[in-house]
Amino acid sequence: MNGTYSTGLVILSILVAILASYTALDLAKRISRIQVSRYRHLWLIGGALAMGVGIWAMHFIGMLAFNMPMKIGYDPWVTLYSLAIALVVSWFALYSATVERLSLTHLLAGGISMGIGIAAMHYTGMAAMTIHPAMVYDGWLYAASVLIAITASIVALWITFSLRADSQKHALIRKLSAATVMGFAITGMHYTGMAAAQFAPHSVSLATHVDNAWLTIAVSAISLSILIITLILSMLDARLDLQNSNFTQSLKAANDKLLHFATHDALTDLPNRLVLTERIERAIHTARRDHRPFAIIYLDLDGFKMINDSLGHLIGDALLKSVTQRLLSILSQKDTLTRVGGDEFVLLIENLAQPENCLVICEQIQAAMRIPLEAGKTKLHITASIGVAIFPHDGDSVESLLHNADAAMYEVKRSGRNAYRYFEPVMNTNALRTLRIQADLHKALDNQELKLYYQPKFLGDNLELNGTEALLRWNHAELGEISPNEFIPIAERSGLVLEIGEWVIRQTCRQQVEWIKAGIEPIKIAVNLSAKHLRQRNLDALILAIVHEYQLDPRLLMLEITESAVMEDAEENVATINQLQRVGFEVAIDDFGTGYSSLSYLQKFRVRQIKIDQFFVAGLDKNHAEGFAIVSAIIGLARALKMEVVAEGVETHSQLQKLMRLSCDQFQGYLLGKPMPAAEFTSLLRRRRMPRLSG
Ligand code: C2E
Ligand code: CA
Ligand code: CA
């Protein structure tokens, strides 16, 4: 007895098989990416339901496509049984395709069980027809169908697994082709199995007969809707997942950025103090373990503030970046460079065999800074003050190491910058003293602990008293006499020097008034101004106001400004100095010869006086032709620019004689008169003449 196939239903069965395969592929990919296990199980069950119904429907439609010259019924229980097998096989298939890794044994075992399962479903389904007399199967075709089922399962499993890793691109096409192959393999198995069945003539189906058309429609509709709904759900879920993971990713990116911000300096992108502290802690730990020293280098740029103030923040920032690059180029990967303040850097140098090895790095830093640095469109020159502290010698905690490296750096600043020094315990005492001085200077001003001494200046030709310089004296209640060389730089850093300067000018004015009242002819008093004063707005008006307050002639006041202070910002200071002179003050350039002024500026300043630094005057005594030549050149220069020259620090007769021979205009020094209290100077003023020279 032979049957025929209705083509439409065969095609429908193939389509259902392809759709079921496609769904399976999609789900496998989906499920393998789900992290939450509960969620994963739910999808596995839902997916198995859809896929099982799909495969079973394909098989059922395939049977319905077979028309036999008899009415066929299906035993509902056996049919349900075959559906149950389809569901279990699908669950197993999906489960196998979503494991982490697919080994060969796994692939074979999974494929074989699935193949047998599919065959079981098929032949159970066939049995549901309860044909009488019983069907006979052709052995070869039967075996072939089982083999096809197994092979198809193995291939399907392998394809599913390999497609899981696919990116979005081409994924759809590849998935469709794979689904088509799988669909054909499944239907191939089915129709081979069908071909294996041999019906005896006049066979009857003992199962309850049903309307074939109605069944076809019902099974197709139900299975197709289940498959389609599953696919849609899977796609929706995938999109949600994508959004979720996008969100998670941007959250992570934002978080990373925040962390970077919190641990790095925005300008140079160097790690900041937080990171530094942690790295030093770690360094201490490893250094203890390995018995190896490490170094903390504290580096502060010299005069950076001035560059920033005069050339602008943009240039300042560019300079800091350049410095960063320079420093990074010296350091090794293991070392840490951090920026801990405006122009302050801290370097952590690990893996030092010997503490002395750090010297090499300090030398390298200095050498690197000697090459002009790129800052915006210009190139700038900057030096650095460097302090070094070594673990464990100079401290065994983050705080003490940083503190001591800083103290060493500070010591470099005090003694003229642009150098490096290793920490010494005395530096902490120095630092404490500095703090003390800074704090007490405020009180000193209020409590009138400050006094002015007056040192005379004499004319060169007849040694007649010609003027005086007011010099600060501070007798600290506990620390004793403190030199202005020590406290003026401290006052300058704290800004108190402005107030002190004003006090000095007021005090000299009071002195002038006192002398005038006592009937003494007033004399020109020189006061020292610091670099900070020059940067004060309306400096001329401020000083003039004080002088007017005491109804004094501004010409009685001379302002001494050191050459290095003037040259810090020469361009600006030309205007300031000219303005001071315009309102009537005389200006002298102090410590001349040490500040590298350029001739062109000297010409523009047009100051009244230049004071040759003591260093050169002392050089006259050494009987060096060179010392004499320098002083002679300075005097010649002043003459050419129509300025007076004052020689400071004249201590010996021979110096005096040489200076006289060079026709120096004025002299000042211990030989002729030390700085003295006001009362003493008053009596000198009364005499108005040179005290008798001794020796
Ligand atoms: P300076 O302006 O160069 O003052 C000259 C310094 O040399 C004074 O030291 C003076 O006592 C000293 N001196 C004078 N003759 C001789 C000599 O023959 N031999 C030697 N070896 N030294 C001599 P002093 O008074 O200790 O002042 C030191 C510095 O402190 C001054 O140097 C000045 O820069 C600063 N200073 C003093 N008073 C003031 C002030 O009122 N304001 C400001 N801003 N600075 C001041
Ligand atoms: Ca001076
Ligand atoms: Ca001087």
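Counting convention: from 1, in listed order, for ligands and their atoms alike. Quick caveat: nothing in here was measured; it's all calculated off a predicted structure.
If you number the atoms of ligand 1 from 1 as listed, the ones under 4.0 Å from a heavy atom of Glu648 come out as 3 (O), 5 (C). Those atoms of ligand 1 that come under 4.0 Å of a heavy atom in Gln614, given as number and element, are 5 (C), 6 (C), 7 (O), 12 (C), 13 (N), 20 (C), 21 (N), 22 (N), 23 (C). Taking every heavy atom of Asp591 and a limit of under 4.0 angstrom, the matching atoms of ligand 1 come to 3 (O). Proximity to Pro675 (heavy-atom distance under 4.0 Å) selects the following atoms of ligand 1: 11 (O). For ligand 1, the atoms closer than 4.0 angstrom to any heavy atom of Arg473 are 11 (O), 24 (P), 25 (O). Within ligand 1, the atoms closer than 4.0 Å to a non-hydrogen atom of Glu469 are 2 (O), 4 (O), numbered from 1 in the order shown.
No other N/O/S atom of Glu469 lies as close to the Ca ion (ligand 2) as OE2 does. Among heteroatoms of the N, O or S kind in Glu560, OE1 lies nearest the Ca ion (ligand 2). Asp591 contributes atom OD1 as its closest N/O/S atom to the Ca ion (ligand 3). The minimum distance between the Ca ion (ligand 2) and any N, O or S atom of Asp590 involves atom OD2.
Atom 9 (O) of ligand 1 is not flagged as protein-proximal [any protein heavy atom, distance under 4.0 Å]. For atom 3 (O) of ligand 1, the protein comes within 4.0 Å by at least one heavy atom. Within 4.0 Å of atom 32 (O) of ligand 1, not a single protein heavy atom is present.
Using the six-membered ring where Trp is involved, Phe487 and Trp474 have ring planes that are perpendicular, over 60° apart on the 30 and 60° scheme.
The two residues Arg686 and Ala518 have their closest heavy-atom pair at NH1-O, 4.2 Å. For Asp591 against Glu563, the heavy-atom pair with the smallest separation is O-OE1, 3.8 Å. Shortest non-hydrogen contact noted between Arg370 and His381 is O-CE1, 3.1 Å. For Gly649 against Val617, the heavy-atom pair with the smallest separation is O-CG1, 3.9 Å.
Taking 3.0 Å as the criterion, Asn528 counts as a coordinating residue of the Ca ion (ligand 2), since one of its N, O or S atoms falls below it.
Figure legend: cation-pi geometry between Lys413 and Tyr410 absent, as NZ or CZ is not positioned both under 6.0 Å from the six-membered ring centre and within 45° of its axis.
In summary, the side chains of Glu363 and Tyr420 do present a donor paired with an acceptor at a separation below 3.5 Å, with no hydrogens or angles considered. In this structure, a donor-acceptor pair under 3.5 Å is present between the side chains of Gln609 and Glu644. At a cut-off of 3.5 Å, with distance as the only test, a side-chain donor of Thr383 or Asp302 sits close to an acceptor on the other residue. Between the side chains of Gln579 and Asn538, not a single donor N or O lies within less than 3.5 Å of an accepting N or O.
The shortest N or O to N or O distance between Gln668 and ligand 1 is not below 3.5 Å. For a threshold of 3.5 Å applied to N or O pairs, the pair formed by Leu472 and ligand 1 contains at least one separation below that value. At a 3.5 angstrom cut-off on N or O pairs, Glu651 counts as close to ligand 1.
Within the 4.5 Å cutoff, the side chain of Trp515 has heavy atoms near those of the Gln511 side chain.
Among Leu452, Val504, Ile482, Asn528, the residue whose heavy atom sits closest to atom 44 (N) of ligand 1 is Asn528.
Atom 16 (C) of ligand 1 has its closest protein heavy atom at Tyr670 CE2, 3.1 Å. The nearest heavy-atom contact from the protein to atom 36 (N) of ligand 1 is Pro484 CB, 3.9 Å. Scanning all protein heavy atoms for the shortest distance to atom 29 (C) of ligand 1 gives Asn485 OD1, 3.3 Å.
Remark: Glu502 engages Arg506 in a salt bridge, criterion side-chain N to carboxylate O under 4.0 Å.
Contact annotation for Asp590 and ligand 1: only side-chain heavy atoms (C-beta onward) come within less than 4.0 Å of the ligand. The side chain of Gln455, and not its backbone, has at least one atom closer than 4.0 Å to an atom of ligand 1 (non-hydrogen atoms only; side chain from C-beta on).
Side chain of Asn578 to backbone of Val574: a donor-acceptor contact under 3.5 angstrom is found.
Phe628 contributes atom CZ, which lies 5.0 Å from atom CZ of Arg661 (distance to the nearest 0.5 angstrom).
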